[in-house]
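As the structure is a computational prediction, the values presented were derived from the model and not from experiment.
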Amino acid sequence: MTVLSRVFARRTPLIGAILLLLVILFCFFGPLLYGTDQSHTDLGAARLGPGSSHPLGTDDLGYDVLGRLMVAGRTSLIIGVLAGLIATAIGAVWGALAGYTGGWLDTVLMRVVDTGVAIPALFLLLVAATLVTPSVGVLALIIGCVSWLVPARLMRAETVSLRERDYIRAITVLGASRTRVVFRHVIPNAIGTVVVNATFQIADAILLVAYVSFLGLGVPAPDTDWGAMLSKGITYTFDGAWWLILPPGIAIVLVVCAINFLGDGLRDAFAVKGRR
């Protein structure tokens, strides 16, 4: 079992990369090969079971579920990637400034982070989603702005260790400004932590999108995402319409696992590089 676990651990990054590539191809290039009308409803074809004309059946509005899954996945991936990048960027700059500056500024910045961590991110997200009209860009911005706290803590810890390095001290003695040191030397040398955390932030953002959409606060129709598909499908679960809930649920699990597998591989790779 130990040998098998080691082999699987070595293969997980490759498995994650392949799964993620397949999901991206499915969501972004699938509609080009499997064209369906995802803008107009067809109540006469509502809730049809899987068959030759509709491989995964249709939903309550007559949309082809397979085509809907592709369009919804594209929305979920775009929001997840944008939100993950926003959260990572904000957290990296915030944590680097706090860790490098130290003193009272570090204390103030990290108390802000501690206060934010004490408030559930999902609660903040729901409040924000009710105050503005949801769209792809708005949801990405909101999720990114409530998810930067953990990256800030990680970056602050990494910066504190980098601050004691000889080259950072030398640059400081030579008169480099704090802004230059942070953006030109601290953040680039902590790129391993930033990249690895970005992958996990993207996975978390995809889950948050699903949560919000499941509660009816996602992108408005005719656009959709996997969470919205789950929300609609669960209404008909007890009627035997399993094809409305299983595909989006499996898609969310696959893409989140794929991104986490990839993140684990990147973390191990950067750890080995750091030891060398």
Side-chain angles (χ1 to χ4, degrees), residues 5-24 76-100 106 109-110 113-114 116-117 121-122 125 140-165 167-168 181-211 251-276:
S5 62
R6 289 179 179 176
V7 172
F8 180 76
R10 293 176 182 176
R11 297 295 183 183
T12 49
L14 179 61
I15 295 173
I18 293 175
L19 284 176
L20 187 59
L21 178 61
L22 291 176
V23 172
I24 291 173
S76 295
L77 288 175
I78 291 175
I79 296 177
V81 170
L82 290 177
L85 294 179
I86 292 172
T88 302
I90 297 175
V93 173
W94 192 282
L97 288 173
Y100 177 74
D106 178 26
L109 292 179
M110 296 315 296
V113 173
D114 293 339
V117 171
L122 184 58
L125 183 59
L141 182 61
I142 293 175
I143 293 174
C145 290
V146 302
S147 304
W148 62 272
L149 302 171
V150 173
R153 280 184 165 182
L154 293 175
M155 192 63 189
R156 190 256 181 190
E158 187 74 13
T159 303
V160 169
S161 65
L162 289 173
R163 187 177 61 187
E164 305 301 323
R165 303 288 177 89
Y167 69 92
I168 296 294
V181 173
V182 168
F183 285 95
R184 293 291 299 274
H185 300 283
V186 173
I187 294 179
N189 282 284
I191 192 65
T193 301
V194 173
V195 170
V196 172
N197 184 258
T199 60
F200 296 125
Q201 287 299 316
I202 292 172
D204 290 343
I206 291 174
L207 288 176
L208 282 175
V209 173
Y211 295 155
I252 293 174
V253 172
L254 282 179
V255 74
V256 171
C257 288
I259 295 174
N260 284 330
F261 286 165
L262 186 60
D264 287 339
L266 291 173
R267 180 183 58 194
D268 294 340
F270 280 113
V272 171
K273 182 179 178 180
R275 287 195 296 268
R276 288 177 179 174

Side chain to side chain contact (heavy atoms under 4.5 Å, CB included) with [X]: which residues, sequence neighbours excluded?
{"X": "Ile259", "value": "Leu20, Thr199, Ile202, Ala203, Ile206, Val255"}
{"X": "Ile18", "value": "Leu14, Leu22"}
{"X": "Ile252", "value": "Leu207, Ala210, Trp226, Leu230, Val256"}

Exercise answer: donor-acceptor pairs, residues 86-96 side-chain atoms, under 3.5 Å, sequence neighbours excluded:
from	atom 1	to	atom 2	distance (Å)
Thr88	OG1	Gly84	O	2.7
Trp94	NE1	Leu109	O	3.1

Nearest heavy atoms of Ala258 and Leu19, plus distance in Å: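 Looking at all heavy atoms of both residues, the shortest contact is CB-CB, 3.6 Å.
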Please tabulate, for the side chains in residues 143-152, all donor-acceptor contacts under 3.5 angstrom to protein atoms that are two or more places apart in sequence or on a different chain.
from	atom 1	to	atom 2	distance (Å)
Ser147	OG	Ile143	O	2.7
Trp148	NE1	Cys145	O	3.0

Less than 4.5 Å apart, side chain to side chain, heavy atoms only: is that true for Arg156 and Asp106?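 With C-beta onward as the side chain, the pair touches.
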Hey, are the side chains of Val117 and Arg153 touching, using non-hydrogen atoms and a 4.5 Å cut-off?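 They are in contact (side-chain heavy atoms under 4.5 Å apart), so the answer is yes.
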Rounded to the nearest 0.5 Å, what separation is found between the CG atom of Leu77 and the CG atom of Leu82?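 Reported value, rounded in 0.5 Å steps: 10.5 Å.
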Side chain to side chain donor-acceptor pair (under 3.5 Å) with Asn260: which residues, sequence neighbours excluded?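 Asn260: no side chain to side chain donor-acceptor pair (under 3.5 Å) contacts found.
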